[in-house]
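Read through the structure below, which is laid out as structure tokens, and then see the notes.
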Amino acid sequence: MIEITLPDGKVLEYASGITPYEVARDISEGLARNVISASFNGNTVETVTPLKEDGALVLYTWNDEAGKKAFWHSSSHVLAQALEELYPGVKLTIGPAIENGFYYDVDFGEHTVSEKDFDAIEKKALEIARGKHDFKMREVSKADALAHYKEEGNDFKVELIENLQDGDITFCDHSTFTDLCRGGHIPNTGIIKAFKVLNVAGAYWRGDENRPQLTRVYGISFPKQKDLKEYLELLEEAKKRDHRKLGKELELFTFSQRVGQGLPLWLPKGAALRERLENFLKQAQKKAGYEMVVSPHIGQKELYVTSGHYAKYGEDSFQPIHTPKEDEEFLLKPMNCPHHCEIYRARPFSYRELPKRYAEFGTVYRYEQSGELHGLTRVRGFTQDDAHIFCTNDQLDAEFKNVIDLSLYVLGSLGFENFRAQVSVRDPENPEKYIGSSDNWDKAEQAIINAATEKGLDFVIEPGEAAFYGPKLDFMVRDALGRQWQLGTIQVDYNLPERFDLTYKGSDNELHRPVMIHRAPFGSMERFVALLLEHTGGNLPLWLVPEQAILLPVSEKHEKYAEKVLNSLENREIRALVDARSETVGKKIREAELAKYPFMIIVGDQEAEEGKISVRRHGGGDLGSLTVEAFADLIQKEINSTLKTFESKLN
RNA sequence: GCCGACGUAGCUCAGGGGUAGAGCGUUUCCUUGGUAAGGAAGAGGUCACGGGUUCAAUUCCCGUCGUUGGCUCCA
């Protein structure tokens with residue numbers, strides 16, 4: 001007999017060889033019907049795996065993440081079989097489940113697969129699914145496994161198997177299909193009722209751009225047709241929140257082929273929005289003891305050789321600008337920090353004067369690979385809300401925590417609650433990617449982890465994600481389509497102070513090396529605005545939105561009164577405009593709703609007589625008639641409820 | 001940079017070997033309106049660009065540029 005412990009702590013006794021499915025059936029018929037995967041003592045097992053020792057069993061249904069994973073992993077087998085049947089001779093490589101669905105990387109040889117083929121693939125996959133084939137795992141010796149794939153001429157699988165231990169190799173069979181597989185399947189293919197191929201993309205074998213490029217076929221599947229329909233509708237909704245679409249509709253920014261790819265042009269409304277964001281941060285920064293500085297857009301190549309950026313990114317930068325007569329070399333600045341280091345060097349500092357906090361909305365230029373450019377989130381010219389803090393070692397901890405406070409204030413004020421905090425540290429396997437002493441790295445990494453822990457941040461540690469000069473704490477936010485982007489960043493740097501020979505005079509009358517913190521709570525204005533748009537669906541917070549209200553005169557007769565109201569709104573710092581076109585009120589309202597103005601103010605005879613305004617809330621309908629004062633209060637109240645003032649922890 | 005897709009009016013898009021269409025917007029006129037589209041007429045396009053095939057290319061083929069989904073990269 002063996003003892004099976006369930007998640008609720010209940011212990012059941014069974015004869016050795018009982019399967020998770022049988023345990024589920026023992027608990028309830030309903031669970032037995034729905035169980036699609038299980039884990040035993042922390043390892044994923046099949047629902048038909050015989051359990052032969054005491055242990056903890058967790059049963060999963062479609063509603064569990066692990067259940068979905070098994071479902072999608074199994075679906076990738078079905079996809080693979082469909083591809084093999086439709087395109088004989090394809091070489092399969094790997095096909096994991098991902099966050100939303102699954103993919104399979106396939107070498108199609110000469111054949112190319114495109115959207116036109118999706119229908120056929122889906123049809124074939126569903127046909128296979130309907131066959132209700134059981135997934136069956138079997139152990140294979142390394143020699144047999146290698147022989148199997150060598151015969152097929154599949155070098156990819158051979159390479160995978162060569163890296164596995166003999167005795168640790170399993171194949172999974174279903175229908176006529178066999179794949180090298182570690183396990184974790186649903187009972188049979190029949191559970192897959194809906195199947196969709198989403199897109200195809202190139203992907204390098206093992207993520208290495210020097211190795212062959214495969215075709216990655218992305219798909220998603222569901223146990224119910226309705227789930228697929230809902231998922232596709234969700235994707236459609238997400239597209240409506242795409243910042244590229246909203247930016248165009250709201251007239252915030254544009255791109256011009258003539259100016260160049262990845263170089264955003266900010267339209268008047270976008271520029272005004274940006275300015276408000278900048279002022280918002282400037283105000284908080286002032287309280288937090290920052291001083292604004294300004295530096296030029298180019299710098300001598302030597303500056304970046306000194307900083308180490310040239311050695312690391314010289315080839316991947318816009319190439320040097322040459323002066324016509326002296327042939328001096330300048331670089332478009334890719335970073336503000338070297339400039340700020342030179343600002344620090346402008347005069348000697350005593351420890352009594354530190355920390356120095358230099359802030360600048362600095363525009364930088366980076367040569368990003370053309371395939372990487374994406375709307376405002378990945379561009380070649382962008383403005384960082386940058387600052388560099390020069391402090392003593394003793395001050396580092398407190399300064400870092402102050403910056404965390406400021407970053408959280410910024411994210412909180414703009415409604416970003418679902419960010420992910422990520423501590424990026426060195427890749428232990430590639431130490432040569434980083435500059436600076438291992439000692440300093442240890443200190444810096446520890447300082448960040450301590451500060452994040454003390455601030456109660458829920459963070460994950462990502463090895464290999466550090467900048468080449470130091471570790472960092474990043475705030476990651478997802479876009480409409482679920483892709484993660486880095487917004488705010490805080491980085492500890494022992495390196496640049498050394499390279500620029502920065503010093504301060506200590507209490508011991510000796511020169512000491514300051515520590516530097518790089519930080520940008522927004523990250524870049526471009527990316528921040530992009531994510532803010534996606535996050536809000538274009539319904540920006542009232543304090544930020546370009547126009548808070550649009551005045552809609554009922555007819556041309558009322559234009560004059562509208563102008564008068566506009567004037568008194570402007571006197572109360574409310575941003576508004578008049579729609580004086582000769583259109584019906586209905587049409588003006590419809591268009592104002594679509595243009596996402598937070599408030600619509602209808603003025604006609606009634607209002608003019610009473611000296612009031614009729615207010616309509618975007619998406620919320622008629623609020624009735626108000627005095628201008630009452631409306632101004634309403635706006636102020638809403639702004640105050642979302643926009644808190646920054647409380648600095650400075651003494 | 002790599003693989004795939006896409007590029008038609010200001011915007012959203014249809015079409016297709018015989019040099020172009022819709023809706024919205026814009027312009028003019030009529031209408032002076034009360035909480036999500038009042039009516040009419042007009043203007044607007046080297047069908048991204050450059051080659052090739054063809055009697056004929058916006059349409060088919062190749063290349064370039066741009067956009068896009070991924071991959072790699074991201075100071």
Side-chain angles (χ1 to χ4, degrees), chain A residues 98 103 105 108 112-117 198-218 242 244-245 248-249 251 254-258 260-262 304 307-314 316-317 333-338 364-375 377-380 384 435 465-470 472 481 483 485-486 489 491 493 495-496 518 527 552-559 581-594 600-607 614-625:
Chain A
I98 52 175
Y103 66 77
D105 281 352
F108 281 93
T112 56
V113 170
S114 72
E115 275 170 45
K116 296 177 198 78
D117 306 302
L198 294 172
N199 49 47
V200 288
Y204 300 108
W205 170 233
R206 306 215 126 175
D208 185 341
E209 61 182 321
N210 300 314
R211 306 203 63 184
Q213 189 160 39
L214 308 164
T215 302
R216 178 168 298 179
V217 182
Y218 284 88
D242 191 314
R244 293 165 298 188
K245 183 174 155 65
K248 195 182 270 179
E249 285 170 3
E251 296 178 2
T254 189
F255 288 88
S256 149
Q257 264 198 54
R258 203 168 280 157
Q261 59 176 170
Y304 306 101
S307 72
H309 290 106
Y310 193 80
K312 188 82 182 170
Y313 292 103
D316 302 318
S317 295
K333 81 172 164 187
M335 291 286 281
N336 300 301
C337 34
V364 297
Y365 301 89
R366 297 178 183 174
Y367 174 78
E368 304 285 3
Q369 296 186 81
S370 61
E372 269 312 320
L373 299 173
H374 179 91
T377 50
R378 192 81 184 264
V379 288
R380 285 179 168 170
Q384 296 177 312
I435 57 174
E465 292 295 308
F468 74 97
Y469 53 76
K472 52 185 186 157
L481 289 172
R483 295 172 291 209
W485 296 93
Q486 173 203 310
T489 180
Q491 312 176 356
D493 186 357
N495 234 299
L496 283 185
H518 308 240
R527 185 176 288 179
L552 311 178
V554 170
S555 83
E556 278 163 22
K557 290 186 301 214
H558 311 108
E559 208 184 315
R581 294 173 307 157
S582 167
E583 295 291 349
T584 59
V585 186
K587 182 159 186 172
K588 287 183 189 177
I589 287 172
R590 177 180 158 78
E591 289 182 2
E593 287 280 356
L594 293 175
M600 284 144 275
I601 296 174
I602 293 97
V603 288
D605 287 333
Q606 254 168 272
E607 289 76 13
S614 284
V615 180
R616 182 189 161 98
R617 177 82 220 213
H618 175 254
D622 198 348
L623 298 186
S625 82

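Per chain, numbering begins at 1; letters A, B, ... match sequence-line order.
- B:A75 has its base stacked against the ring of A:Y313, the centroids being under 5.5 angstrom apart at an interplanar angle below 30°.
- At whole-Å resolution of the value, CZ in A:R527 and P in B:C74 are 13 Å apart.
- B:C29 and B:G66: their C1' atoms are spaced 41 Å apart (whole Å).
- B:C73 atom P lies 10 Å from atom CG of A:N210, rounded to whole Å.
- Here the side chain of A:K588 pairs no donor or acceptor atom with the backbone of A:V554 at under 3.5 angstrom.
- To the nearest 0.5 angstrom, A:E593 atom CD is 5.0 Å from A:H618 atom NE2.
- A:S614 meets the side chain to side chain contact (heavy atoms under 4.5 Å, CB included) test with A:I602, A:E607, A:S625; sequence neighbours excluded.
- Looking at RNA chain B, the stems built from 3 or more consecutive Watson-Crick or G-U wobble pairs, each pair with its key distances under 3.5 Å, are B:1-7 with B:65-71, B:10-13 with B:21-24, B:26-30 with B:38-42, B:48-52 with B:60-64.
- The closest side-chain heavy-atom distance from A:Y204 to A:E209 is below 4.5 Å.
- For B:C73, the base has no donor-acceptor partner in the side chain of A:R366 [N/O atoms by modelled type, under 3.5 angstrom].
- In this structure, A:E465 atom CD and B:C73 atom C1' are separated by 11 Å, rounded to whole Å.
- Judged by distance alone, with hydrogens and angles left aside, the side-chain atoms of A:R378 form no donor-acceptor pair with the main-chain N or O of A:L373 at under 3.5 Å.
- Using a 4.0 Å heavy-atom distance criterion, A:G260 is classed as making no nucleic acid contact.
- When the side chain to side chain contact (heavy atoms under 4.5 Å, CB included) test is applied to A:K312, the partners found at least two apart in sequence or on another chain are A:K433, A:F468.
- A salt bridge is absent between A:D208 and A:R206: the closest approach of a Lys/Arg side-chain nitrogen to an acidic carboxylate oxygen does not fall below 4.0 angstrom.
- A:Q369 meets the side chain to side chain donor-acceptor pair (under 3.5 Å) test with no other residue; sequence neighbours excluded.
- Atom P of B:G51 sits at a distance of 12 Å from the matching atom of B:A57, rounded to the whole Å.
- Residues passing the side chain to side chain contact (heavy atoms under 4.5 Å, CB included) test with A:Y365, sequence neighbours excluded: A:H297, A:F318, A:L332, A:T363.
- For the ring-ring contact (aromatic ring centres under 6.0 Å, His included) test, residues two or more places apart in sequence or in another chain that qualify with A:Y469 are A:H518.
- For the pair A:S317/A:Y304, no side-chain contact is recorded, criterion being any heavy-atom separation below 4.5 Å from C-beta on.
- In this structure, the side chain to side chain contact (heavy atoms under 4.5 Å, CB included) partners of A:S114, at least two apart in sequence or on a different chain, are A:K116, A:D117.
- What separates CZ of A:R380 from C1' of B:C73 is a distance of 13 Å, to the nearest Å.
- Within 4.0 Å (heavy atoms only), A:Y103 reaches no atom of the nucleic acid at all.
- Residue contacts for A:T215: at a heavy-atom cut-off of 4.0 Å it reaches no nucleic acid atom on any strand shown.
- In terms of the side chain to side chain donor-acceptor pair (under 3.5 Å) criterion, A:Y313 has no residue partners (sequence neighbours excluded).
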Give each protein N/O atom lying under 3.5 Å from an N/O atom of nucleotides 11-16 of chain B, with the pair distance.
from	atom 1	to	atom 2	distance (Å)
B:U12	OP1	A:K248	NZ	3.1

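- Annotation: side chain of A:K472 is in contact with side chain of A:Q486 (closest heavy-atom distance under 4.5 Å).
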Shorter than 3.5 Å, N or O on both sides, protein versus nucleotides 69-71 of chain B: list them out with atom names.
from	atom 1	to	atom 2	distance (Å)
B:G69	OP1	A:R244	NH1	3.2
B:G69	OP1	A:R244	NH2	3.0
B:G69	OP1	A:R483	NH1	3.4
B:G69	OP2	A:H374	ND1	3.2
B:G69	O2'	A:N199	ND2	3.2
B:G69	N2	A:V200	O	3.4
B:G70	OP1	A:R483	NH1	3.3
B:G70	OP2	A:R483	NH1	3.0
B:G70	O3'	A:Y218	OH	3.2
B:G70	O2'	A:Y218	OH	3.0
B:G70	N2	A:G202	O	3.1
B:G70	N3	A:G202	O	3.4
B:C71	O4'	A:G202	O	3.1
B:C71	O2'	A:Y204	N	3.1
B:C71	N4	A:E372	OE2	2.8

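- Rounded to an integer number of Å, the gap from A:Q257 CD to B:U68 P is 12 Å.
- B:C73 atom P lies 17 Å from atom CZ of A:F468, rounded to whole Å.
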One character per nucleotide, please: for nucleotides 32-38 of chain B, 5' to 3', B when the base has a protein heavy atom closer than 4.0 Å, S when only the sugar-phosphate does, - otherwise.
BBBBBBB
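- Atoms CD (A:Q369) and P (B:C73) sit 9 Å apart, rounded to a whole Å.
- Partners of A:Y310 under the ring-ring contact (aromatic ring centres under 6.0 Å, His included) rule, at least two apart in sequence or in another chain, do not exist in this structure.
- Nucleotide B:A75 holds its P atom 18 Å from the NZ atom of A:K333, rounded to whole Å.
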